[in-house]
Amino acid sequence: MARIKKGTTGGDGLVTTNNRVSKSDMKMVKQQVSKRNGMNKYASGISSSAPTYYNPLYTPTSLQLPRDRKQINVWARHFYNTEAIPAAVIDLYSELPITAYNVECQNPHVRKFMQDMLQRLKLREILQGIALEFFMIGDVFIMSELDEDHKTWKRLVILNPDQVEVRRNVLADEPVIEMIPDQDLQRIIFDQQPPELYQYFRTFLPDVIKAVKSGKNIPIDPAHITHMKHKPTPYGVYGTPILKRIFKTLMYKEMLRRAQFVIAERYVTPLKIFKLGTIDEPPMPGEIDAMQEQLDAVLNDPSLVLVTSARLQADWQGISGKTLQLSGEYDFTEREMISGLGVSRAFLDGSGPTYANASIGGNAFLQKLENFRETLKQWVQEKIFKPICELNDFYDRDPDTDEEYLIKPEFKWDALRLQDEASRQQAFMGLR
């Protein structure tokens, strides 16, 4: 045992501060006391750390999300082109609401004029493109080109939202929309190649040449441009892609897919392990190199035969019985995507809940499409019909008040139905 130096004690028998124990003796005492039944017992240390601060914007997943508008558009296009469920849902949103249409007007001449113009503009194809950009990117810029000689619209063009910049202020009535010149346009202006396009710009669009040469954006007349936004904030400048809300789910699914690729690859090509020698008789360095050459020759030519000693052992390590079960994770990501995109499983493959529940979800989905169709209807009437009626002096007089008014044709959609017409009529007869 360690020796304790003598010192004075107090009246209560406690050792006073005059007693001293050396560090080496105290260490020996602790070691001997801690031994119990031939086993050393060690005390665990306790340390405290500062509490973690949670901010959803600075989690590892959130930091990987795109911040720039153009990069968000790149992600949206990529997932639409490569993911089955987002592509199917976006197609439903963009194709179902675009049905046949007609123009209604009391003046038959005006109605015929508008019908011919819409047919020449290929309006239905334009509406399909508008719907696709609206739900996939969240922003649609439609530019209209006027034919002043015939007093009609010459063509409608859907601009790339990556090449359009919008500047807006709450104190201004209309935003300023400008087109960013791309490399092709700059090459046409500066190199004058091809000469036909440069001559077209020089004749009809001299302001474009002036803006590009001065290094500025190309201003667009507000009367010739329309900006449609998907679910913007009241003070927002741009819309929000519908796919943005499931970016994290798609990222998680991509991680699962990468893990599944590794598992599938290991199934196809298991790891080959060859052991040469034993613990008691390890191989010489030259034997390992010679055996490596022989194994390469045999594996590349199946007709060769390898004859060697019993000290060579071969093993193929696969992952049978060691795989990660991902079926539940895939079901989770699928439910997340379908819920985030605002549809039900019954719309995609006909499976899912009962008919009554699917019908309720279908009615909600159809209401969304009807709201979008109303937006397109207002755009056609205000941006397509009205300027042309004013330009052609399509006016009439009220027989009662003798006041002159502008003739306004009405754009009418055909009914939007997802069920068979015969079944619909049979349901009405049953209700009757």
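Computed from a predicted model, the values in this text were never measured in an experiment.
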* **Intermediate values then yes/no, side chain to side chain contact (heavy atoms under 4.5 Å, CB included), L416 and L369** => CA-CA 9 Å; L416 178 61; L369 300 184; 3.9 Å; yes
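- Q119 and Q115 form no side-chain donor-acceptor contact under 3.5 Å, judged by distance and modelled atom types alone.
- Classified by interplanar angle (parallel below 30°, tilted 30° to 60°, perpendicular above 60°), the ring pair F79/W75 is perpendicular.
- No hydrogens or angles considered: nothing links the side chains of T240 and R245 as a donor-acceptor pair under 3.5 Å.
- Side-chain atoms of D139 and H230 form no donor-acceptor pair, as typed in the model, at a separation below 3.5 Å.
- A cation-pi arrangement is present between R69 and Y238 under the rule of less than 6.0 angstrom and at most 45 degrees off the ring axis.
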* To do: Run the numbers on F190 and K213 for side chain to side chain contact (heavy atoms under 4.5 Å, CB included), then give the verdict.
  => CA-CA 8 Å; F190 288 105; K213 288 186 175 181; 4.3 Å; yes
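- A donor-acceptor contact under 3.5 angstrom links the side chains of Y252 and E329, judged on distance only.
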* To do: Please step through salt bridge (charged side-chain N to carboxylate O under 4.0 Å, His left out) for the pair R373 and E370, ending with a clear verdict.
  => CA-CA 5 Å; R373 280 155 57 98; E370 287 292 353; 3.4 Å; yes
* List the steps and the verdict of side chain to side chain contact (heavy atoms under 4.5 Å, CB included) for R335 and I338. => CA-CA 5 Å; R335 291 194 302 269; I338 292 177; 6.0 Å; no
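- In this structure, I407 and Y395 have side chains that are not in contact, with every pair of non-hydrogen atoms separated by 4.5 Å or more.
- Between the CD1 atom in I209 and the CD1 atom in I188 there is a gap of 10.0 Å [rounded to 0.5 Å].
- In this structure, F135 and V89 have side chains that are not in contact, with every pair of non-hydrogen atoms separated by 4.5 Å or more.
- D116 has a carboxylate O that lies under 4.0 Å from a charged side-chain N of K112, or vice versa, which qualifies the two as a salt bridge.
- We find that K210 and D207 are not joined by a salt bridge, their nearest charged nitrogen and carboxylate oxygen being 4.0 Å or further apart.
- Between the side chains of S144 and K154, no donor-acceptor pair is found at a separation under 3.5 Å.
- Residues E403 and R397 are not paired through a salt bridge, judged by the lack of any N-O separation under 4.0 Å between the basic side chain and the carboxylate.
- Judged by distance alone, the side chains of Q186 and D182 never bring a donor and an acceptor atom under 3.5 Å apart.
- With respect to E83 and K253, a salt bridge is recorded, a charged nitrogen being found less than 4.0 Å from a carboxylate O.
- Relative orientation of the F385 and F411 rings is tilted, given thresholds of 30° and 60° on the angle between their planes.
- When K377, R111, K386 are each tested for a salt bridge (charged side-chain N to carboxylate O under 4.0 Å, His left out) with E410, only one passes: K377.
- Between W153 and I388 there is a side-chain heavy-atom pair separated by less than 4.5 Å.
- A distance of 11.5 Å separates CG in L243 from CD1 in I72, rounded to the nearest 0.5 Å.
- At a threshold of 4.0 Å, the pair E254-R257 counts as salt-bridged, since one of the basic side-chain nitrogens sits closer than that to a carboxylate oxygen.
- Tested against H224 for a side chain to side chain contact (heavy atoms under 4.5 Å, CB included), the candidates I142, V157, L146 yield a single pass: L146.
- Note on R77 versus D162: salt bridge recorded, some NZ/NE/NH1/NH2 to OD/OE distance being below 4.0 Å.
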